K.L.:
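What follows is a structure written as structure tokens; I'll ask about it next.
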Amino acid sequence: MTARLAHKRILLGISGGIAAYKSAELVRRLRDAGADVRVVMTPAAQEFITPLTLQALSGNPVHLDLLSPAAEAAMGHIELARWADLVLVAPASADCMARLAQGLANDLLSTLWLATRAKLAVAPAMNQQMWAADVTQDNLALLRARGVAVFGPASGSQACGDVGEGRMLEALALVECCAEQFETGRLTGRRVVITAGPTREALDPVRYLSNHSSGKMGFAIALACVEAGAQVTLIAGPVALPTPPRLQRIDVISADSMLAASLQAAAGADVFVATAAVADYRPATVAEQKIKKTADVIQFELVKNPDIVAAVAALPEKPLVVGFAAETENVVAHAREKLLRKKLDMIACNDVARADIGFQSDDNALTVIWPEGHCVLDKASKTQIARELVGLMADRLQDVMEGRVDK
Ligand code: C5P
């Protein structure tokens, strides 16, 4: 289970209830499982446990106020909402659940709840009579209907002396529930190959041509595919990123070596995702020795690199092929042209003219295009965008498998 929450960003909301003491243990267990945890407390929660305790355990400042200029300057509430992969409210009191169900935004936690596109979950904790109340059950049904995961509650003896349903799940059980949120199963049994990062094209033994691709988008897609149950091969150009868990990584340097690895891995694959920023050209010859600094002007002849994604799309038994396009103008029109020219099944299009997303950034926004339609994925973390894209890929694959569309 440990690897399942590695680098997951969990925003833990604590509302006012005696079970808040268990949230301290929960923070520790989430961090043991590899998650990054930030804590938001309602004013009532602070009557039960101190922010200092949770700050020490989470290793991050605790977020308390919606209208605090200092807190907003450090990490604004919209940024925090965007940061999260999962927002878990534990304990979720009856009052808190009512406010979340009704969409109130009268404190930091309820505002974040509305402002995030992350997965949402509650771990209810309250007196058994309050839990059984019709209005609480109605609120619960509303939350469930909107896709909110409900963890627990358990039944047993309660702090107030009652016995019944309404106890918050224990920390380890909650960690297990959190981990399950990241497993969609949409690509179970499928083989996915992903190219990521830049390529480097050698000029001589010490110099090369390359670009600024960080590989973050491709790595996020690889992780989202793993979480969707796929068997993943990640073909990575030179990047400074840790290997996501539970996949096979093949490191390559040049476009030629990326092509060779891609053709080999694509045989028998169900999906091929080309996120790599492959260098378009490489030096026609590579000097055997370091080029000396004697001439005032040097000219290099460059030759075109092979188009990896087009080569995979031309395979007789081709997988579903998803390409990327980085455009600065007429984004959708250019991407659609590329979709047809390279015989892709889907293309995800970045607007690289926007300064707030793209290459080195942790955020991205995409327009995803396929022959019969398109879909806009608004700005979010690359992790979140990757999940949404993988959902679209899985839909498309299903349409192909069930004969509704051709590859
Ligand atoms: O033609 P352009 O470089 O804009 O196409 C981008 C798409 O094609 C991306 O999916 C990229 O990974 C892929 N590509 C490739 N091999 C190349 C150039 C681009 O696989 N040599």
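Everything numeric in this text was worked out from a predicted model, so none of it was measured. Order of listing sets the numbers, starting from 1, for every ligand and every atom in it.
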K.L.:
If you draw a 6.0 Å radius around CZ in Arg117, do more than 12 non-hydrogen atoms from other residues or ligands fall strictly inside?
P.N.:
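Counting neighbours around CZ of Arg117, more than 12 heavy atoms of other residues, nucleotides or ligands fall under 6.0 Å, so yes.
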K.L.:
Around atom CD of Gln231, are there more than 12 heavy atoms from other residues, nucleotides or ligands closer than 6.0 Å?
P.N.:
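Atom CD in Gln231 is not packed in, count stays at 12 or less.
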K.L.:
Please report the C-alpha distance between Arg246 and Glu183 in whole Å, then the side-chain angles of each, then the deciding distance to 0.1 Å, and finally whether the salt bridge (Lys or Arg N to Asp or Glu O under 4.0 Å) criterion is met.
P.N.:
CA-CA 13 Å; Arg246 293 177 286 147; Glu183 312 284 328; 3.6 Å; yes
K.L.:
Do Arg249 and Thr243 meet the criterion of a side-chain donor-acceptor pair at a distance under 3.5 Å?
P.N.:
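Checked: Arg249/Thr243 side chains pair up, N/O donor to acceptor below 3.5 Å.
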K.L.:
Show me the short polar-atom pairs for ligand 1: any N or O of it lying under 3.5 Å from a protein N or O, with distances only.
P.N.:
{"from": "ligand 1", "atom 1": "1 (O)", "to": "Lys342", "atom 2": "NZ", "distance (Å)": "2.9"}
{"from": "ligand 1", "atom 1": "4 (O)", "to": "Lys338", "atom 2": "NZ", "distance (Å)": "2.4"}
{"from": "ligand 1", "atom 1": "5 (O)", "to": "Lys342", "atom 2": "NZ", "distance (Å)": "2.9"}
{"from": "ligand 1", "atom 1": "8 (O)", "to": "Lys342", "atom 2": "NZ", "distance (Å)": "3.1"}
{"from": "ligand 1", "atom 1": "10 (O)", "to": "Ala274", "atom 2": "O", "distance (Å)": "2.6"}
{"from": "ligand 1", "atom 1": "10 (O)", "to": "Phe324", "atom 2": "N", "distance (Å)": "2.7"}
{"from": "ligand 1", "atom 1": "10 (O)", "to": "Phe324", "atom 2": "O", "distance (Å)": "3.3"}
{"from": "ligand 1", "atom 1": "12 (O)", "to": "Ala274", "atom 2": "O", "distance (Å)": "3.2"}
{"from": "ligand 1", "atom 1": "12 (O)", "to": "Ala276", "atom 2": "O", "distance (Å)": "2.6"}
{"from": "ligand 1", "atom 1": "16 (N)", "to": "Ile308", "atom 2": "N", "distance (Å)": "2.9"}
{"from": "ligand 1", "atom 1": "20 (O)", "to": "Ile308", "atom 2": "N", "distance (Å)": "3.4"}
{"from": "ligand 1", "atom 1": "20 (O)", "to": "Val309", "atom 2": "N", "distance (Å)": "2.8"}
{"from": "ligand 1", "atom 1": "21 (N)", "to": "Pro306", "atom 2": "O", "distance (Å)": "2.7"}

K.L.:
Could I get the full list of side-chain hydrogen bond (donor to acceptor under 3.5 Å, both in side chains) partners for Arg191, not counting sequence neighbours?
P.N.:
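Per chain and number, Arg191 pairs via side-chain hydrogen bond (donor to acceptor under 3.5 Å, both in side chains) with no residue.
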K.L.:
With a distance cut-off below 6.0 Å to the six-membered ring centre and an angular limit of 45° from the axis, does Lys119 pair with Phe182 as a cation-pi contact?
P.N.:
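Verdict for Phe182: a cation-pi partner in Lys119.
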